[in-house]
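The chains referred to below are lettered A, B, ... by the order of the sequence lines, with proteins before strands, and numbering in each begins at 1.
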Amino acid sequence: MDIARDLHIPLDAEAAFQRQRELARELDLSSPTRPPRLIGAADVAYAKDGSDEAYAAVVVLERDTLRVIDRADWVGPPAFDYLPGLFALREAATLVEAFKKLSTRPDVVLIDGHGIAHPRRFGLACQLGLTFGVPTVGCAKKRLCGKAEPLGPLHGSRARVLDKGETIGYALRTQDGIKPVWVSPGNGYDHASAVDLIMSVRGEYRIPEPLRQAHNASVELRAAAVEANG
DNA sequence: GCGACAG
DNA sequence: ATCTTGTCGC
């Protein structure tokens, strides 16, 4: 799967900000044309010691069974230090390499981070959506920007996230009495479809099952590397 | 000027 | 993200 498009994101922070604003205009935020059957998810773990090593994992699950049917990974150094709002500079390249090794083409990929719920409306999920050429949805564990309206205590409760008068995403309760996750379109999705998708694969934990599997895969990848080396 | 700040 | 110490609950 080597259809990765080069977005030409500069490594200079200010130039990268500007490029994010440009690329945000290319996003397709309409509802997906067909219901997804194969759900991908991507996550990255990092070395516990100081070594500059990233462990990227992408998995593909069948939506009906929530079973993993494909996985791919990549290990190597991240290109950039983490900076809020420039998360993709650090994480995107590693996930692209893993994604290219996938033998299956998912209908949508869940990303551990924000989509348009981002200061310049171009979070990691947006960048990967354009790069992969596959629809993406962002599902973050914490808010980056904007303000959420109050939401109910039960699973399925949701509240708009507003930033500068604009709806940029939803806080979504995936389980009763558990902290919400933060859902926003990456590319090829609208708000309502993104929230519906997360609810349809929420599984039994706060983190939706595909992302939980991707997280496990990246952590296991790191464990295997420690096993092999030092 | 003072916080806030995906992973 | 990762580390850290203890605590609460199934």
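- For the pair A:Arg222 and C:dT2, the criterion of a side-chain N or O lying under 4.0 Å from OP1 or OP2 is met.
- Secondary structure note: stems in DNA chain C built from 3 or more consecutive Watson-Crick or G-U wobble pairs under 3.5 Å do not occur.
- Between the A:His118 side chain and the A:Cys145 main chain, no donor and acceptor come within less than 3.5 Å of each other.
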(request) Any chance you could lay out the side-chain contact (heavy atoms from CB on, under 4.5 Å) test for A:Leu128 and A:Val109, step after step, and finish with the verdict? (result) CA-CA 9 Å; A:Leu128 291 177; A:Val109 181; over 6 Å; no

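- With a cut-off of 3.5 Å on both pairing distances, the Watson-Crick and G-U wobble pairs of DNA chain B never assemble into a stem of 3 or more.
- Alongside A:Trp74, the hydrophobic cluster contains no other residue (criterion: ILVMFWY side chains under 4.5 Å).
- Annotation: salt bridge (charged side-chain N to carboxylate O under 4.0 Å, His left out) contacts involving residues 11-23 of chain A, sequence neighbours excluded, comprise A:Arg19-A:Glu22.
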(message) One character per nucleotide, please: for nucleotides 4-10 of chain C, 5' to 3', B when the base has a protein heavy atom closer than 4.0 Å, S when only the sugar-phosphate does, - otherwise.
(response) -------

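- Residues satisfying the side chain to side chain donor-acceptor pair (under 3.5 Å) criterion with A:Thr131, sequence neighbours excluded, are absent altogether.
- Proximity of residues 70-78 of chain A to DNA chain B (heavy atom under 4.0 angstrom from any strand atom) is not detected for any residue.
- Under the salt bridge (charged side-chain N to carboxylate O under 4.0 Å, His left out) criterion, the residue pairs touching residues 108-127 of chain A are A:Asp112-A:Lys141, A:Arg121-A:Asp163, A:Arg121-A:Glu166, with sequence neighbours excluded.
- With rounding to the nearest 0.5 Å, the separation of CD1 in A:Ile198 from CZ in A:Arg158 is 11.5 Å.
- Between the A:Arg206 side chain and the A:Pro180 main chain, a donor and an acceptor come within less than 3.5 Å of each other.
- Applying the ring pair (Phe, Tyr, Trp, His ring centres under 6.0 Å) test to every pair with at least one member in residues 130-155 of chain A, sequence neighbours left out, gives these pairs: A:Phe99-A:Phe132.
- Classification of A:Arg160 and A:Glu149 as a salt-bridged pair holds, one side-chain N sitting under 4.0 Å from a carboxylate O.
- In the region residues 169-196 of chain A, proximity to DNA chain B at under 4.0 angstrom, judged on heavy atoms, holds for none of the residues.
- Residue A:Asp6 places its CG atom among more than 12 non-hydrogen atoms of other residues, nucleotides or ligands, all under 6.0 Å distant.
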(request) Run the numbers on A:Gln213 and A:Leu61 for side-chain contact (heavy atoms from CB on, under 4.5 Å), then give the verdict. (result) CA-CA 9 Å; A:Gln213 293 294 335; A:Leu61 289 74; 4.2 Å; yes

(message) Could you go through A:Asn216 and A:Val59, starting from their C-alpha distance and side-chain angles, then the distance that decides it, and tell me whether this counts as side-chain contact (heavy atoms from CB on, under 4.5 Å)?
(response) CA-CA 10 Å; A:Asn216 289 346; A:Val59 297; over 6 Å; no

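- Rounded to whole angstrom, the span from the CD1 atom of A:Ile111 across to the P atom of C:dA1 amounts to 15 Å.
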(request) Dump the intermediate steps for side-chain contact (heavy atoms from CB on, under 4.5 Å) on A:Leu172 and A:Met199, then the final yes or no. (result) CA-CA 9 Å; A:Leu172 174 66; A:Met199 282 305 290; 3.9 Å; yes

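- A donor-acceptor pair under 3.5 Å is formed between the side chain of A:Asn187 and the backbone N or O of A:Asp28.
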(request) At under 4.0 Å between heavy atoms, which parts of nucleotides 2-7 of chain B does protein reach? Answer with one letter per nucleotide, 5' to 3': B base, S sugar-phosphate only, - none. (result) --SSBB

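- For the pair A:Arg212 and A:Tyr205, the cation-pi criterion (under 6.0 Å, within 45° of the ring axis) is fulfilled.
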Per-pair distances, 0.1 Å, donor-acceptor, side chain in residues 84-95 of chain A, under 3.5 Å, sequence neighbours excluded:
| from | atom 1 | to | atom 2 | distance (Å) |
| --- | --- | --- | --- | --- |
| A:Arg90 | NH1 | A:Phe80 | O | 2.9 |
| A:Glu91 | OE1 | A:Tyr46 | OH | 2.6 |
| A:Thr94 | OG1 | A:Glu91 | O | 2.8 |

